[in-house]
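Single-structure report; data block below.
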Amino acid sequence: YLLEKHGSIYDMFVTLEHRRKGIGKRLWQEDLKWFKLLGIKRVELSIVPTNPESSSFWKKQGFHDYMHKLYFEIE
């Protein structure tokens, strides 16, 4: 686990009626330009495993598995 300067994407959402039109890819490309301008070499984000569309999208953009987060809810 290396601590290094990195960028983060917290939320990105395209509504159902606008999906599959390249909007998400264009948003990511603009983010990527901004990260490069700031000298960022690594970008991290979290995805929900029960959302296969999100996982598929980010993997198509070149993202790789890095860390899995677990949670526990106390009743």
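As a basis for the values below, the full set of heavy atoms in this structure was taken, side chains included, without hydrogen atoms, waters or symmetry mates. Position 1 is the first residue of the sequence; numbering continues from there.
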Residues which pass side-chain contact (heavy atoms from CB on, under 4.5 Å) with Leu32, listed by chain and number, not counting sequence neighbours: Trp28, Lys36
Co-membership, hydrophobic cluster, residues Ile9 and Leu38, 4.5 Å side-chain: yes
His18 side chain to Leu16 backbone, donor-acceptor under 3.5 Å: no
Arg20 side, atom CZ; Glu53 side, atom CD - distance, nearest 0.5 Å: 8.0 Å
Cation-pi, Phe35 ring and Arg42 (6.0 angstrom, 45 degrees): no
Nearest heavy atoms of Ser46 and Lys69, plus distance in Å: OG-NZ, 3.6 Å
For Lys59, all residues meeting salt bridge (Lys or Arg N to Asp or Glu O under 4.0 Å), sequence neighbours excluded: Asp65
Met12 side chain reached by Trp58 side chain, heavy atoms, under 4.5 Å: yes
With Lys21 via side-chain hydrogen bond (donor to acceptor under 3.5 Å, both in side chains) - residues at least two apart: none
Asn51/Phe57 under side chain to side chain contact (heavy atoms under 4.5 Å, CB included): CA gap, chis, key distance, verdict: CA-CA 10 Å; Asn51 184 341; Phe57 171 80; over 6 Å; no
Reported OG-to-CD1 distance for the pair Ser55 and Ile47, which is rounded to 0.5 angstrom: 3.5 Å
For His6 against Ile40, the heavy-atom pair lying closest together: C-CG2, 4.0 Å
Arg19 (side chain) donor-acceptor with Val14 (main chain) under 3.5 angstrom: yes
Nearest heavy atoms of Val43 and Phe63, plus distance in Å: O-CE2, 3.5 Å
